[in-house]
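All remarks here apply to the structure that follows.
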Amino acid sequence: MLRPPAFAARRLRAAARRRKSLAVAAPSTDGSSIPTAPGRLPLVGHALNFKPPKMHEYLEGVARDLDAWAFVAHFGPRTPVVVGDPALAQALLAPRSGWTGRSAAVLPFFRDSSDAIVGDPEAQGVAFANGHFHWGLARKASEDGLLKTSFVKRSHAIIKDKAAELGGILRDAGGAPVDVQTLFARTALDIVGSLAFEADIGSAAGDKAELEHRLKAIFTGIGECIGAPLPYWRWGFPAPASAPAYDRYVDNGKRLVELVRPIVDARREALAAGAEPTCFVDMLLDEAPAYSDAEVIWNATQILGAGYDTTSNTLAFTTLLLASRPELQRALRDEVTAAAPAGAVGADDVAKLPLLNAVLKESMRLYPAAPFLGRLYEKDEAFAYGGATFERNASALVSPYLLGRNAQVWPDALEFRPERFLGGQRAGDASHAYAWLPFGFGARGCVGMKLAMIEAKLLLAGVVADFHMELAPGQSPEPDPVLALTLSNAGGVHLALTPV
């Protein structure tokens, strides 16, 4: 009897699982207060509008036209509810709600691509995996590492050092225009490399410029693939080799793994020689043999990507908003100087920076780095809300971008007003605690939230304390957010920074 090769058999089993998991009826919305987005086309539904780089603006337009901040959309057989309403977001993200899986719209894609890149369809990493074994253990390793006192102290020292290095680069520019979006990204890459791998990421990977290029290409590729007008993986079919966007993504993923693998191997050797676990990769390796080599590599790569793109984009949007507000820059400079009169701000000083904290939160309200959070319903009993009923494997697209712009929650929702977050309130003049969710919430919330906020505050404090920012010639004062997997400003953020 002829047997298929192991690789082919694995792909067939994975495809069968996907077809089974995707055979889910649309949510029943009879009598529901959750409307359906207009403009649904036969077969494809709204899929032609759900593609980067401006998907977020399309969904915001639908919400405003409907005057409803939760609505059902259609991707062929998939019918996710798009959530920009804080009450529904709370219901979905609450503990034990059942909405704990990653969206079924993207899971087949990540299974296929994980198989193609690292040879294991189940090695999807902490960012995209489902289930206790593949996601739960990676999450635990992340939390264990990030909460260790030694790790926290080391991370604060590294961030402070990198903030000083960034200040030196900006001073060397001599007031000439620079793309701060790129500079923040490079600084963030240095920080996450040190924290995740206990290594100088540039020298350890051999080519820092290529590492940056591959990371950017990975984010773009994910956006191109899962936002394609007719994404084949949503119907459970293996990705065809002829798909250019998919091919580019896989090629960049394979090369990124090649760059990361030697760094992981170095940590494995250090642990075998008796070194104490000190970084994220060490925590993953410490779980062996629970993880395969593919899972360790893919988790490490995802942590590198997550730390590289999110904080840097937040800082780029924030400095762009500040560049045309000199009075606010002066107020921030005074606050930072008062908090640390003897020198650079440290982690112990950030509690003395309420205005800087408010500026960052307001920037993240309008331009959250992760504008969409896919969720999958994993309980057998139906989930009911507002007259709508959702069965197991139903999908939701919780949107921090829409939550932050919900005109029913935020007065003057499109205006940049940091004072919303002054006075001790979690969400300023928004009365609902789930109106501001740039880090998500609950079991799938960002495990590095506290570290990311410390990083953003220390880097921003260093810039506003030492430099006056102005828009470079040709740079629009209005942000132009574009979506790959995360939001960034189209064309970068070009500013002239003059030492003060």
Side-chain angles (χ1 to χ4, degrees), residues 7 10-11 14-15 18 51-52 102-103 105-130 134-135 138 142 185 188-189 192-193 196-197 199 201-202 204-228 231-234 237-265 267 280-281 284 291-310 312 370 374 483-486 488:
F7 173 80
R10 188 166 65 245
R11 288 294 296 270
R18 288 195 294 276
K51 56 183 180 180
R102 280 301 188 203
S103 170
V106 300
L107 280 177
F109 163 73
F110 284 112
R111 285 176 181 141
D112 273 347
S113 59
S114 297
D115 197 351
I117 294 170
V118 295
D120 185 350
E122 302 302 330
Q124 297 147 47
V126 67
F128 303 110
N130 275 350
H134 295 287
W135 168 72
S142 303
L189 183 58
V192 72
F197 302 104
I201 196 67
D207 190 337
K208 185 177 178 181
E210 184 183 2
L211 194 66
E212 286 184 63
H213 167 73
R214 299 293 179 178
L215 284 167
K216 289 179 181 178
I218 284 285
F219 280 99
T220 300
I222 293 174
E224 286 178 337
C225 289
I226 65 177
Y232 33 81
W233 39 83
R234 286 185 185 139
F237 300 111
S242 59
Y246 181 80
D247 282 351
R248 289 194 299 271
Y249 170 72
V250 169
D251 288 345
N252 283 299
K254 287 181 176 179
R255 179 56 184 153
L256 190 59
V257 166
E258 290 176 2
L259 293 170
V260 168
R261 185 180 296 277
I263 314 174
V264 175
D265 289 344
R267 291 309 305 164
F280 174 75
V281 168
L284 290 175
Y291 290 121
S292 67
D293 181 68
E295 287 176 306
V296 171
I297 291 291
W298 206 218
N299 270 295
T301 304
Q302 286 186 13
I303 288 294
L304 188 64
Y308 162 74
D309 207 45
T310 49
S312 60
L483 176 65
L485 184 62
T486 56
S488 61

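These figures come from a predicted structure and were not determined experimentally.
- The two residues Asp293 and Arg261 make their nearest non-hydrogen contact at OD2-NH1, 2.7 Å.
- Atom CG in Leu485 sits 9.5 Å away from atom OG1 in Thr220 (nearest 0.5 Å).
- The line from CD1 of Ile297 to CD of Gln302 is 12.0 Å long, rounded to the nearest 0.5 Å.
- Separating the CG atom in Asn299 from the CZ atom in Phe280 is a distance of 5.0 Å, to the nearest 0.5 Å.
- Shortest non-hydrogen contact noted between Asp120 and Ser292 is OD2-OG, 3.8 Å.
- Of all the heavy atoms in Ser113 and Tyr249, the pair that sits closest is CB-CE2, 3.3 Å.
- Between Ile218 and Thr301, every side-chain heavy-atom pair lies at or beyond the 4.5 Å cut-off.
- Interatomic distance, Asn252 CG to His213 NE2, rounded to the nearest 0.5 Å: 5.5 Å.
- Between Val192 and Gly307, the shortest heavy-atom contact is CG2-CA, 4.0 Å.
- Inter-residue side-chain proximity for Leu215 and Asp309 is flagged as unmet; no heavy-atom pair is nearer than 4.5 Å.
- The two atoms that bring Phe197 and Arg267 nearest to each other are O-CD, 3.2 Å, heavy atoms only.
- Glu210 CD to Leu259 CG: the interatomic distance, rounded to the nearest 0.5 Å, is 5.0 Å.
- Side-chain contact check for Asp112 versus Tyr246: some heavy-atom pair is nearer than 4.5 Å.
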